[in-house]
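Notes follow once the structure below has been shown.
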Amino acid sequence: MIVRGAVLREMGLPAPYAESRPLHVEELELAPPGPGELLVRIRAAGLCHSDLSVIDGSRPRVMPMLLGHEATGEVVASEAAGFAVGDVVACAFVPACGTCAPCAEGRPALCEPGAAANTAGTLLTGTHRLDGVHHHLGVSGFADHAVISAHSAVKIDPSLPPEVAALFGCAVMTGVGAVVNTAQVRAGRSAVVFGLGGVGLSALLGAVLVGAHPIVAVDVVPSKLALAQELGATAIVDARSSDAVEQVRAATAGGADYAFETVGSAKVLEQAYAATRRGGTTVTVGLPHPSQTFSVPAVSLVAEERTVKGSYLGSSVPSRDIPRYVALYRAGRLPVDRLLTATVGLDDLNQAFDDLAAGSSIRQVLLF
């Protein structure tokens, strides 16, 4: 079938993207699903900083590629057990095979075949269903239809608004999961979140959900700091302040029990580590350029019993966590709809990524 989608053919074109137009809306041939795969009519797809990182070249990927990894849609053809036409699914951006060593240990975010497929720009089977174009993280949601592995799909409540449902596949699963799964924050423990994009604010919502206190939010954008306060932050810190780390330490009586870095910057990760108390845990969620490194006083890891942890996909089990988070949203415990800044059309994506790069949006969602 012929689909219409946004293809990136060259990374690193200069901003503003409304002028350089790195994303080209094209008609492409999409092959039908093979065994274990689904054809999904995409209803909505979120614009994530991970997409922007491919566009600007800080997250190198094989080219050309049809972007979009945070998506929801309706199954219109199924070659997989457990899925039927009409099912509404959220897409997880790691297609977990279920049988490799990490999957067997309950860590599907680290699925080895899934990681290999994502690096190669293929589906989990190693195949391409897009003619001459690579898949993005097994999803390629910036198109009106996509073929995905059933291992990338989680059935969700069909009455959920698509612009909200899309957020659960990346922003919510990654941010809330970092708090609940990776750090396992306990009630009454202090937390700080560096970076208040979709993932960072989801982490803040997760900290509120589990009863962390106090909760400090750090960013450079005043409107994001104001929203963080509305969502439950007990203190806010302007990251442009020369004493931002000291302000965090003051607000948390000497340093946070848990610090979350969601920016994808080694410098910010060092700040998050400096804002963590003795015996505390620093969790990094952002994806910096592979060339970036960070340094810490080595002795502090032992003498202060510090922990630094990475969190990919929120250390989640998508089939378990996405339905739970949707239920919490329905119950009013996870107001993830507050993250939605705007909805856009396929032809608006270049300008929308300018807005994302400028920090003027939290989560924009492409609606079909």
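Count residues from 1 along the sequence.
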Return yes if a side-chain donor-acceptor contact under 3.5 Å exists between S149 and H151, otherwise no.
no

Donor-acceptor check, side chain of H145 to backbone of R41, threshold 3.5 angstrom: yes or no?
no

Take atom CZ in R186; do more than 12 heavy atoms of anything else shown fall under 6.0 Å from it?
no

Any side-chain donor near an acceptor of the partner, R324 and S316, under 3.5 Å
no

Looking only at atom types and distance, does a side-chain atom of S140 sit under 3.5 Å from a main-chain N or O of L66, one as donor and one as acceptor?
yes

If you take all heavy atoms of A92 and M173, which pair is closest and at what distance?
CB-CE, 4.1 Å

Hydrogens and angles aside, do S311 and T182 bring a side-chain donor and acceptor to less than 3.5 Å of each other?
yes

Any donor-acceptor N/O pair, T72 side chain to V89 backbone, under 3.5 Å
yes

Should we say atom CD of E230 is surrounded by more than 12 heavy atoms from elsewhere, each under 6.0 Å from it?
yes

Return yes if some donor-acceptor pair links the side-chain N/O of S202 with the main-chain N/O of A171 below 3.5 Å, else return no.
yes

For V208 and L231, the nearest pair of non-hydrogen atoms, with its separation, is CG2-O, 3.5 Å

Using a 4.5 Å side-chain heavy-atom cut-off and chaining through intermediate ILVMFWY residues, the residues clustered with Y273 come out as L269, F294, V296, L301, V308

Smallest heavy-atom separation, C170 atom then F93 atom, equals SG-CE2, 3.8 Å

A quick test of your reading: do over 12 heavy atoms of other residues, nucleotides or ligands sit less than 6.0 Å from CZ of R333?
no

Tightest non-hydrogen contact, residues S50 and H69, listed as CB-CE1, 3.7 Å

Do D347 and R4 meet the salt-bridge criterion of a basic N to acidic O distance under 4.0 Å?
yes

With a 3.5 Å distance limit and no angle check, can you tell me whether T234 reaches the backbone of I215 through a side-chain donor-acceptor pair?
yes

